[in-house]
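Notes for the one structure printed next.
Below, chains carry the letters A, B, ... as their sequence lines are ordered, and counting in each starts from 1. Values below: every heavy atom of this structure, side chains too, minus hydrogens, waters and symmetry copies. Predicted, not measured: the structure shown is a model, and the values here were computed from it.
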There are 2 protein chains.
Amino acid sequence: MSGRRALTRNQALVLEVLTRADEPLSAYAILDRLRDEGLRAPLQVYRALDKLLETGEVHRLDSLKAFVACSHPHDHPCTGLVAFAICESCARVFEFSDSAIEARFAAWAVEKAFLTKSTTLEISGICAACRSSADGSNPSD
Amino acid sequence: MSGRRALTRNQALVLEVLTRADEPLSAYAILDRLRDEGLRAPLQVYRALDKLLETGEVHRLDSLKAFVACSHPHDHPCTGLVAFAICESCARVFEFSDSAIEARFAAWAVEKAFLTKSTTLEISGICAACRSSADGSNPSD
DNA sequence: GCAATTAATGTAATAACATTACATCACTTT
DNA sequence: AAAGTGATGTAATGTTATTACATTAATTGC
Ligand SMILES: [Zn+2]
Ligand SMILES: [Zn+2]
Ligand SMILES: [Zn+2]
Ligand SMILES: [Zn+2]
């Protein structure tokens, strides 16, 4: 394996909570779910998140101030530009990449001589499942 | 004029501060700059920002938790998809639109039957001016 | 094995960002 | 003038994130 590295206990706990969750969680929501495991302070969560963000195992959704586990197989890092579509109704997040979008951003950057370090691409709206269930209720419930 | 509507005093003050600033400002930074004008509470700023965001006269940069005045002529609303390139060195923000990117996102949404309500597109990196000044110092200072 | 170093953890306190609740004031409509 | 509406002022609180410092665990060099 390439990007895989041993997780510390706290990192493993945080990643597990995020992986189980079917919606983005705030750091404090993560903390609440880990009280039983002995976690008591926000910093324990934020430290774990920092590492997981570095390795790409977790993503932060700036528009929600919340975190999600990467939806990719993740024995390898998340490469290239990543975008997220966030359903306002069921809170599910759809992670995707699009090389055409990536190329277009790259072209803009070249044209403007802008050195890109990181990108935040988030779309908010209503997912297909929620649209087809007329009442907007969560189709998975 | 079309989208133009009278601003209240607080809205005008907040917009003026943001227009003058050459970098994004947090709500509390705006408040600090308006103490002399009599503003005392965060809510006074947030209320003004809410309106200005609605009309598109101001944008929120989620990745910075900060606000910028729209860089467009703004006797008309900011239409279509808007993206921001943010320089990590000089903090300047470059607002731009790209119909190709917009089309690509629209295509993704159609394919996935996702109903787009809003988008957050932010690029963080180093602007041309800061790249050409080797030390990374602010070229305008 | 054991001291020195480094990485991870625990805890408390605080900073930074944002909202809720409620009372008041100004303007319009009737 | 009374009622209704929108903006304002103020206080309190809620939410998100970081700083500071003491402790413990794992690693390295001897
Ligand atoms: Zn990912
Ligand atoms: Zn949905
Ligand atoms: Zn704009
Ligand atoms: Zn710059």
Are side-chain heavy atoms of B:Glu57 and B:Gln11 found at a separation under 4.5 Å? no
Hey, is the side chain of [X] poking within less than 4.0 Å of OP1 or OP2 on [N], counting only N and O atoms?
X       : N      : value
B:Thr8  : D:dT8  : yes
B:Gln44 : D:dT8  : no
B:Tyr28 : C:dC17 : no

Give the rounded distance in Å between these two atoms: [atom1] of [X] and [atom2] of [N].
X       : N      : atom1 : atom2 : result
A:Leu25 : D:dT16 : CG    : P     : 11 Å
B:Asp50 : C:dT20 : CG    : P     : 10 Å
B:Glu54 : D:dG6  : CD    : P     : 12 Å
A:Tyr46 : C:dA12 : OH    : P     : 18 Å
A:Asn10 : D:dA25 : CG    : C1'   : 13 Å

Atom pair NZ (A:Lys51) and CG (A:Leu49), whose distance is rounded to the nearest 0.5 Å: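 Nearest 0.5 Å value for the NZ-CG distance: 13.0 Å.
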Is there a donor and acceptor pair, one atom on the side chain of B:Arg47 and one on the base of D:dG6, closer than 3.5 Å?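 When only heavy-atom distances are counted, B:Arg47 does not reach the base of D:dG6 through any donor-acceptor pair under 3.5 Å.
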Parallel, tilted or perpendicular: which describes the rings of B:Tyr28 and B:Tyr46, with under 30° parallel and over 60° perpendicular? perpendicular
State which of C:dG10, C:dT19, C:dC17 makes the closest approach to the side chain of B:Leu43.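 Of C:dG10, C:dT19, C:dC17, C:dT19 is nearest to the side chain of B:Leu43.
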Starting the side chain at C-beta, find the nucleotide from D:dA20, D:dA17, C:dT19 nearest to A:Arg60.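 Side chain of A:Arg60 sits closest to D:dA17.
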